[in-house]
2 protein chains.
Amino acid sequence: MSLPHAILTALLEKPSSGLELTRRFDKSIGYFWSATHQQIYRELGKLEQAGHIRALPAPVPARGQKKEYEVLPAGRGELSDWVARSEDPKPMRSALLLRMRAAAIVGAEGLRAELERHLALHREQLDEYLAIEERDFPADRRRTEPDRLRHLVLRGGVDLERFWVEWLTGALAELGPSEA
Amino acid sequence: MSLPHAILTALLEKPSSGLELTRRFDKSIGYFWSATHQQIYRELGKLEQAGHIRALPAPVPARGQKKEYEVLPAGRGELSDWVARSEDPKPMRSALLLRMRAAAIVGAEGLRAELERHLALHREQLDEYLAIEERDFPADRRRTEPDRLRHLVLRGGVDLERFWVEWLTGALAELGPSEA
DNA sequence: CCCCCTTCTGCAACTAGTTGCAGAAGATTC
DNA sequence: GAATCTTCTGCAACTAGTTGCAGAAGGGGG
């Protein structure tokens with residue numbers, strides 16, 4: 001599974017506490033691997049026990065007290081192995097495509113509004129990605145390999161959102177202008 | 001959740017037994033909503049109890065005996081409601097994009113082979129979709145609304161695979177010809 | 001007839017992810 | 001200086017999905 005590796009990556013980018021991680025998952029790593037704070041806390045516990053990360057010594061260790069984690073060499077090693085590991089892509093799932101197929105049988109009443117809503121959401125996400133690209137990846141920041149890799153990831157997000165925007169636009173056109 | 005609706009859709013397309021459904025999920029509905037036979041059997045049980053489907057009267061009802069299900073009006077109603085229901089798209093997950101981001105930190109050794117493997121798989125899937133399109137959706141079979149909807153779904157699959165093929169091709173070019 | 005193979009259904013036990021809630025520490029405010 | 005709000009961590013209980021296995025029925029084949 002990928003959650004521990006997502007966390008290791010995030011912690012290597014910057015040592016953080018559970019809540020900080022949660023927030024960063026909400027806007028960066030989470031764009032392609034989302035997780036709730038619960039998953040994160042539990043996984044931090046497991047990673048610590050496995051010796052992949054450790055809590056930075058805190059002045060007052062207590063419940064409700066912020067706890068920062070950093071990655072240990074073993075954790076970095078595990079992540080490095082994982083990058084090269086062979087793993088089949090898991091079949092994608094789209095409830096929207098499924099609904100479309102159901103609509104082919106029971107009728108498309110009410111579907112149009114939902115498609116429009118999704119279209120708006122995907123447009124929004126696309127704009128967000130484009131803003132990030134402009135901010136974080138100006139042409140001169142695409143030289144080093146790490147930067148090129150990070151930019152490729154973002155490009156993936158951009159192009160995927162573009163795909164949805166185009167597909168939804170086409171679907172709406174195909175449904176005809178006056179469906180219920 | 002969508003699994004029960006996937007099953008209702010499949011059963012409306014054709015009443016089936018659990019194993020038949022499993023096979024059809026492996027090659028049709030499952031392209032965008034996969035499920036194991038276990039999930040399917042359990043869900044069939046729940047759907048039957050909810051009065052959404054019923055088992056067709058079998059000559060010899062017994063364990064190990066094929067059991068066909070068909071959708072009842074209540075099930076069709078539920079599916080019809082679901083088509084119009086509002087439901088946020090769940091954030092996508094891609095272990096590959098995640099790995100790319102990890103590679104930006106720990107190095108991209110060994111990643112290239114994996115990208116090539118995925119590229120081959122996506123090309124294969126794309127070809128399969130195109131073959132289905134040619135077989136099931138010749139130009140004259142795209143007239144009725146149900147056919148147009150079903151074709152849109154397939155188009156979604158085609159374009160998504162195209163996206164991956166293009167992204168992976170670009171990523172491989174970007175990684176440079178001689179990465180480890 | 002008996003063994004074995006396939007088909008079909010299903011239980012049990014697991015991992016992953018979600019939701020709701022609660023308690024401690026520190027900051028804020030009146 | 002007490003009431004309350006925010007931050008941070010975490011438990012408990014749930015739903016969804018996965019994996020491994022087993023048992024019944026039926027169809028050959030020697």
Protein-nucleotide distance ([X], atom [atom1]; [N], atom [atom2]), rounded to Å:
X	N	atom1	atom2	value
B:Q38	C:dC11	CD	C1'	8 Å
A:E20	D:dG10	CD	P	14 Å
B:Q39	C:dT9	CD	P	16 Å
A:D88	D:dT18	CG	P	14 Å
A:K90	D:dT19	NZ	C1'	14 Å
B:H37	C:dT7	NE2	C1'	12 Å
B:F25	C:dC8	CZ	C1'	17 Å
A:I40	D:dT7	CD1	P	17 Å

>> Does the Lys NZ or Arg CZ of B:R155 fall within the cation-pi geometry relative to A:W167 - under 6.0 Å from the ring centre and within 45° of the axis?
In response: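 No, B:R155 does not lie over the aromatic ring of A:W167.
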Of the options [options], whose atoms approach the side-chain atoms of [X] most closely?
X	options	result
B:R23	C:dT18, C:dC8, D:dT18	C:dC8
A:M1	C:dA16, D:dC8, D:dC21	C:dA16
A:K46	C:dA16, D:dT9, C:dG17	C:dA16

If only side-chain N and O atoms of [X] are considered, is one of them under 4.0 Å from the OP1 or OP2 phosphate oxygen of [N]?
X	N	value
A:R42	D:dT9	no
A:K67	D:dG10	yes
A:Y41	D:dG10	no

*When the ring planes of A:H151 and A:F137 are compared, do they come out parallel, tilted or perpendicular, using 30° and 60° as the limits?*
tilted
key: Toward the 5' end of DNA chain C, by each residue's nearest nucleotide, B:Y69 or B:R93   =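 Closest to the 5' end, via its nearest nucleotide, is B:Y69.
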Test: B:R85 and B:E78 ion pair at under 4.0 Å: yes
Step by step, would you call A:R23 with A:E20 a salt bridge (charged side-chain N to carboxylate O under 4.0 Å, His left out)? CA-CA 5 Å; A:R23 286 204 257 265; A:E20 277 164 19; over 6 Å; no
Working for salt bridge (charged side-chain N to carboxylate O under 4.0 Å, His left out), residues A:R101 and B:E13
CA-CA 10 Å; A:R101 176 114 167 209; B:E13 286 172 1; 2.8 Å; yes
